[in-house]
Student: 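Before anything else, here's the structure in question.
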Amino acid sequence: MERVFNRWQVPVYGAFLDGKNIHKLGRPSPGVLLMGNEAKGICAELEKLVTQKVTIPGFGMAESLNVAIATAILCDNFKRLMSL
């Protein structure tokens with residue numbers, strides 16, 4: 001897996017609870033979005049490949065998001081930010 005990411009030579013954005021708020025991220029470079037397991041997140045082996053940790057800010061009482069929903073939200077925000 002590491003060889004694939006190194007060959008692409010693009011940023012690897014990873015979804016983490018302690019990442020940078022996606023709404024406050026500057027214009028991102030095209031890259032890869034890495035999502036983890038809903039219960040355990042991104043494994044340590046892949047975490048070391050992440051160049052920018054991002055998060056979806058929480059509003060209200062929700063504790064977590066389904067990984068498919070979280071991916072859709074992040075992809076939408078990346079698309080919006082790249083259009084600026």
Side-chain angles (χ1 to χ4, degrees):
M1 184 68 72
E2 189 170 347
R3 279 186 276 159
V4 172
F5 284 115
N6 289 337
R7 190 173 344 144
W8 289 342
Q9 296 182 337
V10 295
V12 179
Y13 301 95
F16 289 87
L17 291 175
D18 64 341
K20 183 168 182 159
N21 181 335
I22 189 71
H23 297 154
K24 296 181 180 179
L25 191 67
R27 189 169 192 257
S29 299
V32 174
L33 176 59
L34 186 60
M35 302 297 289
N37 176 289
E38 291 173 18
K40 298 177 183 174
I42 295 172
C43 70
E45 179 185 353
L46 295 178
E47 181 177 356
K48 65 184 176 186
L49 302 176
V50 173
T51 55
Q52 175 71 61
K53 292 181 177 183
V54 295
T55 194
I56 300 167
F59 300 104
M61 301 296 292
E63 291 183 20
S64 65
L65 294 172
N66 169 284
V67 72
I69 298 300
T71 302
I73 291 168
L74 289 172
C75 285
D76 180 66
N77 275 278
F78 276 118
K79 177 68 173 162
R80 177 184 56 80
L81 290 168
M82 291 175 127
S83 301
L84 297 178

Student: Are L25 and L84 grouped together when hydrophobic residues (ILVMFWY) are joined by side-chain heavy atoms under 4.5 angstrom apart?
Tutor: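 Same cluster.
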
Student: Do you know the tightest heavy-atom contact between V10 and P30?
Tutor: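 In this case the closest contact between V10 and P30 is CB-O, 3.8 Å.
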
Student: May I ask you to test the L49-L34 pair for a side-chain heavy-atom distance under 4.5 Å?
Tutor: no

Student: What residue pairs, at least two apart or across chains, pass ring-ring contact (aromatic ring centres under 6.0 Å, His included) with a residue in residues 11-56?
Tutor: Y13-F78

Student: What closest approach, in Å, do G26 and L81 show between heavy atoms, and which atom pair accounts for it?
Tutor: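 Answer, listing the atom of G26 first, then L81: O-CD1, 4.1 Å.
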
Student: Count I, L, V, M, F, W, Y as connected when their side-chain heavy atoms are under 4.5 Å apart, and connections chain through other members. Are I22 and M82 then in the same cluster?
Tutor: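 No: no chain of side-chain contacts under 4.5 Å links I22 to M82.
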
Student: Using the side-chain hydrogen bond (donor to acceptor under 3.5 Å, both in side chains) rule, collect all pairs that involve residues 25-37, keeping only residues at least two apart or in two chains.
Tutor: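 For residues 25-37: none.
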
Student: Hey, could you give me the NZ/OG1 distance between K20 and T55, rounded to the nearest 0.5 Å?
Tutor: 12.5 Å

Student: Has T51 got a side-chain atom pairing as donor or acceptor with V12's backbone, closer than 3.5 angstrom?
Tutor: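 Answer holds: yes.
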
Student: Ignoring hydrogens and angles, write down the donor-acceptor pairs under 3.5 Å from the side chains of residues 69-77, residues two or more places apart or on other chains.
Tutor:
{"residue": "T71", "atom": "OG1", "partner": "V67", "partner atom": "O", "Å": "2.7"}
{"residue": "N77", "atom": "OD1", "partner": "R80", "partner atom": "NH2", "Å": "2.8"}
{"residue": "N77", "atom": "ND2", "partner": "I73", "partner atom": "O", "Å": "2.9"}

Student: Using the side-chain hydrogen bond (donor to acceptor under 3.5 Å, both in side chains) criterion, which residues pair with E47? Sequence neighbours excluded.
Tutor: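 For E47, the residues satisfying side-chain hydrogen bond (donor to acceptor under 3.5 Å, both in side chains) (neighbours in sequence not counted) are K53.
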
